[in-house]
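Working notes for the structure below.
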Protein chains: 2
Amino acid sequence: MRPAKTLERVIPIGTLAERTGVKVETIRYYEQVGLLPEPERSEGNQRRYGRAHVERLAFIKHARDLGFAVESIRTLLRLSDTPGMACDEAHAIAAEHLDEVRDKIARLRSLEAELARIATVCSGGVAASDCAVIEALADHSHCEHHSA
Amino acid sequence: MRPAKTLERVIPIGTLAERTGVKVETIRYYEQVGLLPEPERSEGNQRRYGRAHVERLAFIKHARDLGFAVESIRTLLRLSDTPGMACDEAHAIAAEHLDEVRDKIARLRSLEAELARIATVCSGGVAASDCAVIEALADHSHCEHHSA
DNA sequence: CTACAACCTGTAGCCACTACAGCTTCAAGA
DNA sequence: TCTTGAAGCTGTAGTGGCTACAGGTTGTAG
């Protein structure tokens, strides 16, 4: 007897989407940009995926969720495909991305501080000519933040 | 005698760019999407800006630096143009944006934590088959983070 | 008057999708 | 076996907020 549906050896794109949490259109996009290898096709030209695709797409999704750029993921996948290759490069990509994330957090925190200041002063209800939000945006003098 | 160049009443786009820190192309873009009103033109069809444009562009730049979407800025500008209008809306926009920024910070912090974990374990030099970065991305099991 | 920087318009590209139009295929029920 | 409707297909265009050209015109200092 054949295995239950959720354990089948080849699955269509919709099932792959469900199983990985990646949308159908996004899966086709990943194929188009060369992240996901082209799968076999049914007689009627529909994509049929196997276990390897599920794993690879899960890898991609995990990396995307962590904010890695598609270009970085391409490199990470290449590294994971060549097991003899040194891990230095993967480590460098992760470390660099971590730096970027930390930078982004720092910048957002300074935005948060200024926004909080602006939003607190103005509690609404006043005429716009006196609105602290508008005034704060119009007047750049007493703020020391930097461009994004 | 005429005033010094930096104090002139009408300025070309390049000077406006210098004075506000907004690139020439971006200024034209803001005009195109209706954030900055169309200025007068010279006889030769070149844009000539006045004091009001400098102020409005500074407002826009400040708001963009704070991460406000162009659409929000459009509303904020409209509010600042109608001085009788209540400030509630401006306050709501700022408060909502502050919420978004805080959300973003929270999400980035959880990314940071996982990236730090991944990057620390793997210090490079090992073969990719044993690389903690690759493994962590391939194996989703011991991580509880959520999609972006 | 000449040279050259600065300006002009319009279009295409960036990232990582997302949405749609207009078609074909698959699979389950009658 | 036939029908129906969900799911699949390709290709194109749109998102946001710019940025980067190409190929021309204007402004201005020497």
Side-chain angles (χ1 to χ4, degrees), chain A residues 2 4-6 8 10-36 38-49 53 57 59-77 97 100 104 107 147-148, chain B residues 2 5 8 10-36 38-49 53 57 60-77 97 100 104 107 111 147-148:
Chain A
R2 307 213 319 222
K5 181 159 195 183
T6 49
E8 260 171 335
V10 294
I11 54 175
I13 196 167
T15 309
L16 179 61
E18 266 173 40
R19 213 163 287 181
T20 55
V22 178
K23 289 186 184 172
V24 168
E25 294 87 348
T26 306
I27 295 173
R28 287 196 282 248
Y29 169 74
Y30 286 157
E31 179 181 323
Q32 202 187 316
V33 299
L35 276 196
L36 200 60
E38 292 184 22
E40 311 268 294
R41 298 282 183 137
S42 72
E43 282 187 21
N45 199 37
Q46 300 195 352
R47 291 169 179 83
R48 293 294 178 255
Y49 294 96
H53 289 100
L57 186 53
F59 183 105
I60 294 167
K61 165 128 175 74
H62 194 181
R64 283 297 299 139
D65 284 351
L66 285 168
F68 284 98
V70 161
E71 207 36 54
S72 302
I73 297 175
R74 204 190 304 281
T75 305
L76 290 169
L77 283 168
H97 182 50
E100 286 165 13
K104 213 173 268 180
R107 268 187 280 111
S147 307
Chain B
R2 305 212 320 221
K5 183 159 192 180
E8 260 172 334
V10 295
I11 55 175
I13 196 167
T15 308
L16 179 62
E18 267 173 39
R19 213 163 287 181
T20 56
V22 178
K23 289 186 182 170
V24 167
E25 294 87 347
T26 307
I27 295 173
R28 287 197 283 248
Y29 168 74
Y30 287 157
E31 179 182 323
Q32 201 186 317
V33 299
L35 276 196
L36 201 60
E38 293 183 22
E40 310 269 295
R41 298 283 182 136
S42 72
E43 282 188 21
N45 198 36
Q46 299 195 354
R47 291 171 180 82
R48 292 294 178 256
Y49 295 95
H53 289 101
L57 187 53
I60 294 168
K61 165 129 175 74
H62 194 182
R64 283 296 300 141
D65 284 350
L66 285 168
F68 284 97
V70 161
E71 206 37 54
S72 302
I73 297 175
R74 204 191 304 282
T75 305
L76 290 169
L77 282 168
H97 182 50
E100 286 166 13
K104 215 172 266 179
R107 268 185 281 113
L111 294 196
S147 306

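Chain identifiers are assigned alphabetically (A, B, ...) following the order of the sequence lines, protein sequences preceding nucleic acid strands; residue numbering begins at 1 within each chain.
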What integer distance in Å separates R41(A):CZ from dA7(D):C1'?
-> 14 Å
Please give, in whole Å, the distance from dG17(D) P to L36(B) CG?
-> 16 Å
Closest heavy-atom pair, G14(B) versus V24(B), reported as atoms and distance to 0.1 Å, is CA-CG2, 4.1 Å
Taking only the side-chain nitrogens and oxygens of R47(B), find out if one of them lies under 4.0 Å from OP1 or OP2 of dT9(C).
-> yes
Heavy-atom closest pair (E31(A) atom, R47(A) atom, distance to 0.1 Å) is OE1-NE, 2.8 Å
Once you round to the nearest 0.5 Å, how far does CD1 of I13(B) lie from NZ of K23(B)?
-> 13.5 Å
Working for side chain to side chain contact (heavy atoms under 4.5 Å, CB included), residues Y49(A) and L57(A) = CA-CA 11 Å; Y49(A) 294 96; L57(A) 186 53; over 6 Å; no
Closest non-hydrogen atom pair between A69(B) and R64(B), with its separation = CA-NH1, 4.1 Å
Interatomic distance, D65(B) CG vs dC18(D) C1' [rounded to whole Å] | 14 Å
Residue pair Y30(A)/Q46(B) against DNA chain C: nearer the 5' end by closest nucleotide is Q46(B)
Please state how far atom CD in E100(B) lies from atom P in dG16(D), giving the value in whole angstrom units.
-> 14 Å
Protein-nucleotide distance (E31(B), atom CD; dC7(C), atom C1'), rounded to Å | 13 Å
Could you state the CD-C1' distance from E25(A) to dT12(D), rounded to the nearest angstrom?
-> 14 Å
May I ask you to say what F68(B) touches in the nucleic acid, namely base, sugar-phosphate or nothing, with a heavy-atom cut-off under 4.0 Å?
-> nothing
To the nearest angstrom, the CD-P distance between E18(A) and dG8(D) comes to 9 Å
Is the closest basic N to carboxylate O distance between R74(B) and E71(B) below 4.0 Å?
-> yes
Side-chain N,O (T26(B)) to OP1/OP2 (dT19(D)) below 4.0 Å | yes
Can you check whether S42(B) has a side-chain N or O nearer than 4.0 Å to OP1 or OP2 of dG27(D)?
-> yes
Let me know the distance between OH of Y29(B) and C1' of dT15(D), rounded to the nearest Å.
-> 10 Å
Of R48(A) and Q32(A), the one whose nearest nucleotide on DNA chain D sits closer to the 5' end is R48(A)
Please check if the side chain of H97(A) supplies one atom and the backbone of L66(A) the other of a donor-acceptor pair under 3.5 Å.
-> yes
Residues touching DNA chain D, which here means a heavy atom under 4.0 Å, drawn from residues 69-77 of chain B = A69(B), V70(B)
Judged by nearest nucleotide, the residue sitting upstream toward the 5' end of DNA chain D, R28(B) or E43(B), is R28(B)
